[in-house]
Novice: 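Got a structure here, written out as structure tokens. Questions coming.
Given the structure is predicted, the values throughout are model-derived calculations rather than measurements.
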Amino acid sequence: MSLFLDIGQGAGLAGASGVRPYLPPLVAGALARGDTGIDFDGTSYEFLEQPWFLVVVLALAVAAYFADRTRGTRPDESSDPVAVGLGAIGVVLGALLFAGSLADGDHTSWPGLIGGAVAAALGYFAVAALFRRARRRLRAADRSGEGAPNLLDAYADGISLVLAGLSILAPPVGIVALVVFLVLLLRARGGGGQKYEGLRVLR
């Protein structure tokens, strides 16, 4: 049972890192310093709760914030270097958090590096696909489209923050989140297939 809970916690933190890379490490590090639901002390991942690491992640958050505000109307996420870079960072941090969660439960940690990378990538692609569709609809309703990125970024921050916190305090939530991400990704692919089928019919 303990292994299941640790997997759920790690999967949730990793998935949340895929959505937004900097909030889950900050949440996990802050709670770990108070030994609340998670504790990296005595493991190879003790650095995840060290002040210097949290400062680096916070600096990343500030840099990402200013990058969002200075690049104007953003392109599609698949070709946006800032979004892709944040996604890559999220995969790395997600892998570390998943492995750290397993190490906290005295389990072999290296599978968490693989599982965390996969969970973070799943969270990134699922939410990116969802927000890509939402952004197009918002821009269709508002020709300027200026408010869409900020609004959706706020939603992404909220999803990441809540998922990270719940995954630590109620680990099974992390497993549920991965299932939701998978469903979103499959629906996005199915919707794309239907769109192209419609285009072929029009031809």
Novice: Check for a donor-acceptor pair, side chain of Ser160 on one end and backbone N or O of Ala16 on the other, with a separation under 3.5 Å.
Specialist: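 A pair under 3.5 Å: yes.
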Novice: Phe53 and Leu93: which non-hydrogen atoms are nearest, and at how many Å?
Specialist: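 The pair with the smallest heavy-atom distance is CZ-CD2, 3.9 Å.
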Novice: Report yes if some heavy atom in the side chain of Leu97 is under 4.5 Å from a heavy atom in the side chain of Pro25; otherwise report no.
Specialist: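 Yes, side chains in contact.
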Novice: Checking Asp39 against Glu49 for the side chain to side chain contact (heavy atoms under 4.5 Å, CB included) test, could you report, in this order, the C-alpha distance in whole Å, the side-chain angles of both residues, the deciding distance, and whether it holds?
Specialist: CA-CA 8 Å; Asp39 181 17; Glu49 63 178 83; 3.3 Å; yes
Novice: Could you give the distance from CD1 (Ile175) to OG (Ser167), rounded to the nearest 0.5 Å?
Specialist: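 Output value for this atom pair is 9.0 Å.
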Novice: Considering non-hydrogen atoms only, spot the tightest contact between Gly116 and Ala14 and give its length.
Specialist: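 In terms of heavy atoms, the two residues are closest at O-CB, 3.5 Å.
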Novice: Drop me the distance from Asp157's CG to Leu161's CG, to the nearest 0.5 angstrom.
Specialist: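 Those atoms lie 8.0 Å apart.
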Novice: Once side chain to side chain donor-acceptor pair (under 3.5 Å) is applied, what residue pairs with a partner in residues 86-108 remain, sequence neighbours excluded?
Specialist: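 Listed once each, the pairs are Asp6-His107, Gln9-Ser101.
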Novice: Does one hydrophobic cluster hold both Val118 and Leu185, with members joined at side-chain heavy-atom distances below 4.5 Å?
Specialist: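 No.
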Novice: Residues two or more places apart in sequence or in another chain: which of them pass ring-ring contact (aromatic ring centres under 6.0 Å, His included) with Tyr45?
Specialist: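 Tyr45 satisfies ring-ring contact (aromatic ring centres under 6.0 Å, His included) with no residue once adjacent residues are dropped.
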Novice: Quick check on the hydrophobic clustering: are Ile114 and Phe98 connected, directly or via other members, by side-chain heavy-atom contacts under 4.5 Å?
Specialist: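 No, separate clusters.
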Novice: Search all heavy atoms of Leu113 against all heavy atoms of Ala95 and return the closest pair with its distance.
Specialist: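 Nearest heavy atoms, Leu113 then Ala95: O-CB, 3.2 Å.
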Novice: Among all residues two or more places apart in sequence or in another chain, which pass the side chain to side chain contact (heavy atoms under 4.5 Å, CB included) test with Leu58?
Specialist: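 Side chain to side chain contact (heavy atoms under 4.5 Å, CB included) check on Leu58 returns Leu26.
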Novice: State yes or no: do Tyr124 and Leu182 share one hydrophobic cluster built from I, L, V, M, F, W and Y residues joined by side-chain heavy-atom distances below 4.5 Å, directly or via other members?
Specialist: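 Result: yes, single cluster for both.
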Novice: Taking Val179 as the starting point, is it possible to reach Leu184 by hopping between hydrophobic residues whose side chains are less than 4.5 Å apart?
Specialist: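 Looking at the clustering, Val179 is in a separate group from Leu184.
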Novice: Determine whether Leu31 and Val55 fall in the same hydrophobic cluster, where Ile, Leu, Val, Met, Phe, Trp and Tyr are linked whenever their side-chain heavy atoms lie under 4.5 Å apart.
Specialist: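 Hydrophobic grouping puts Leu31 apart from Val55.
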Novice: Locate the shortest heavy-atom distance separating Leu60 from Leu86; write the atom from each residue and the value.
Specialist: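 Leu60 and Leu86 have their closest heavy atoms at CD1-CD2, 4.5 Å.
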Novice: Applying side chain to side chain contact (heavy atoms under 4.5 Å, CB included), run through Val19 and Tyr155 and close with a yes or a no.
Specialist: CA-CA 10 Å; Val19 176; Tyr155 279 130; over 6 Å; no
Novice: Taking side chain as C-beta onward, heavy atoms only, is Leu102 less than 4.5 Å from Leu3?
Specialist: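 When only atoms from C-beta onward are counted, Leu3 and Leu102 do touch, with a gap below 4.5 Å.
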Novice: Identify the two heavy atoms, one from Val91 and one from Ala121, that lie closest to each other, and give their separation to 0.1 Å.
Specialist: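 Nearest pair, atom of Val91 first, then Ala121: CG2-N, 4.1 Å.
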Novice: Could you tell me whether the side chain of Phe4 reaches within less than 4.5 Å of the side chain of Pro171, counting heavy atoms only?
Specialist: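 A side-chain contact under 4.5 Å is absent here.
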Novice: Could you check if a side-chain atom of Val27 sits within less than 4.5 angstrom of a side-chain atom of Leu13, using non-hydrogen atoms only?
Specialist: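 With C-beta onward as the side chain, the pair stays apart.
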Novice: I need the minimum non-hydrogen distance between Pro51 and Arg33, along with the two atoms involved.
Specialist: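 Nearest pair, atom of Pro51 first, then Arg33: CD-NH1, 3.3 Å.
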Novice: Looking at OG1 of Thr36 and CD1 of Ile168, how far apart are the two atoms once the value is rounded to the nearest 0.5 Å?
Specialist: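 That separation rounds to 9.0 Å.
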Novice: Taking the side chain as C-beta and beyond, is there a heavy-atom pair between Phe40 and Phe47 under 4.5 Å?
Specialist: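 No; the side chains remain at least 4.5 Å from each other.
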